[in-house]
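To start, the structure itself, in structure tokens.
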Amino acid sequence: MNIKTFSLAVICGLTTTAYAQSLPIDHDASLRFGVNATYNATAYHAKDPIFVMPQAFYDNNRWYIEGAEAGFYPYKDNKHHVRIGLTYDGQSFDPNHANAIELKQLNKRQWSALAHASYLYITPYGGLKTKVATDVLDRHDGQTVTLSHLSRFNKDAWTVYPEFGATWHSKDYNQYYYGILDAEALKTNHTAYKADSGWSPFVTATVNYQVTPKVSAFVNQRIEWLSNAQKNSPMTDNKIDSKTRLGLNYHF
């Protein structure tokens, strides 16, 4: 059984979990909808892009939307959260934005959507989370595994969500986003580069401020340290990928 088949088996297997012991449906769950602007200080040898995207948040203990992720809970209680869904993976490379002339001859690397299964165990000291995901758009046919610790702190109108952990990217994932094919090498001054799998540590924090009962503002900062397979690629000129996101949400 290959990695992708195993990942899909995990995701499908978790969907068989019964609803019987889950938390009751929250019929008062509210929808938050908004927009965010993201500045990506990319590790690629390229210009740092700015993206503006819509976002939504919703959770009624059965179905959820969380920014770029959406799905359902096969099981959820006060300590155990099992999720199945789809995640937007915004990783991409546009050769037109490359700073090095030879990199402008490379093929474009596109964003993808990942089917995922995750498990969150809530302790008195925060949540421990495992998330397995696999490509469903046939961009790269790669997989990721993320292990992390999450916390939440509240004071008046402020809420802070810190998280730290590491993500394993499979060989197929890294080869698509950081590798250089033989055909591409013929068009550039670089030799072909075959990327292996590897772990990338990260830290992220979201600070949310409730401006009014209906409007909230937030800032999110994520810093990820590239694995050796990624940072040794001729496509990168930095070992850190940083994303800064600002946004507003309206509570319906």
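When reading the values below, keep in mind they use all heavy atoms of this one structure, side chains included, and skip hydrogens, waters and symmetry mates. Because the structure is predicted, anything quoted here is derived from the model rather than measured.
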Main-chain N/O of L23 paired with R62 side-chain donor or acceptor, under 3.5 Å: yes

Residues forming a side-chain contact (heavy atoms from CB on, under 4.5 Å) with A70, sequence neighbours excluded: I65

Which residues pass the side-chain contact (heavy atoms from CB on, under 4.5 Å) test with T38, sequence neighbours left out? N36, K243, R245

Under a 4.0 Å threshold between the charged nitrogen and the carboxylate oxygen, would K187 count as salt-bridged to E102? no

For the residue pair Y75 / D77, report whether a side-chain donor-acceptor contact shorter than 3.5 Å exists. yes

Could you list the donor-acceptor pairs under 3.5 angstrom formed between side-chain atoms of residues 147-157 and any protein atom two or more places apart in sequence or on another chain?
unit_1, atom_1, unit_2, atom_2, d
S148, OG, E163, OE2, 2.8
H149, NE2, Y125, O, 2.8
R152, NE, N154, OD1, 3.3
N154, ND2, T159, OG1, 2.9

With a 6.0 Å cut-off on the ring centroids, do F202 and W225 count as close? no

V207 vs W158, side chain to side chain contact (heavy atoms under 4.5 Å, CB included): CA-CA, chis, key distance, verdict: CA-CA 7 Å; V207 179; W158 296 90; 3.7 Å; yes

Begin from the C-alpha positions of K76 and D59 and carry the test side chain to side chain contact (heavy atoms under 4.5 Å, CB included) through to its verdict. CA-CA 11 Å; K76 180 182 181 182; D59 192 327; 3.2 Å; yes

For residues 34-54, which residue pairs qualify under ring-ring contact (aromatic ring centres under 6.0 Å, His included), counting only residues two or more places apart or in two chains? Y44-F93, Y44-Y178

Please step through salt bridge (charged side-chain N to carboxylate O under 4.0 Å, His left out) for the pair E69 and K131, ending with a clear verdict. CA-CA 12 Å; E69 179 180 321; K131 183 176 181 179; 2.8 Å; yes

Start with the C-alpha gap between M235 and I180, add the side-chain angles, then the distance that decides, and say whether side chain to side chain contact (heavy atoms under 4.5 Å, CB included) holds. CA-CA 8 Å; M235 297 174 63; I180 295 180; 4.3 Å; yes

Could you walk me through whether Y73 and N60 satisfy the side chain to side chain contact (heavy atoms under 4.5 Å, CB included) test, starting with their C-alpha distance in whole Å, then the side-chain angles of each, then the deciding distance to 0.1 Å, before giving a yes or no? CA-CA 10 Å; Y73 292 95; N60 73 348; 6.0 Å; no

My understanding is that only residues two or more places apart in sequence, or in another chain, count here; which of them pass side-chain contact (heavy atoms from CB on, under 4.5 Å) with D172? S170

Given the side-chain rings of Y119 and H81, with only the six-membered ring counted for Trp, is the space between their centroids under 6.0 Å? no

Does the side chain of Q143 come under 3.5 Å of the side chain of D135 through a donor N or O and an acceptor N or O? no

Regarding T42 and D48, is there a side-chain donor-to-acceptor distance under 3.5 Å anywhere? no

d(L226 CG, S233 OG) to nearest 0.5 Å is 9.0 Å

Listed by chain and number, what are the side-chain contact (heavy atoms from CB on, under 4.5 Å) partners of L246, not counting sequence neighbours? V219

Are any of the side-chain nitrogens in E184 or R109 under 4.0 Å away from the carboxylate oxygens of its partner? yes

When you measure from the centre of the six-membered ring of F252, is the NZ or CZ of R32 closer than 6.0 Å and no more than 45° off the axis? no

Side-chain heavy atoms under 4.5 angstrom apart, residues restricted to Ile, Leu, Val, Met, Phe, Trp, Tyr: same cluster for Y250 and L31? yes

Is it the case that H169 and T144 place a side-chain donor and acceptor less than 3.5 Å from each other? no

Checking side-chain polar atoms at under 3.5 Å, does T204 have a donor or acceptor matched by the opposite partner on Q221? no

Passes ring pair (Phe, Tyr, Trp, His ring centres under 6.0 Å), Y88 versus W111? Steps please. CA-CA 8 Å; Y88 165 74; W111 62 270; 5.3 Å; yes

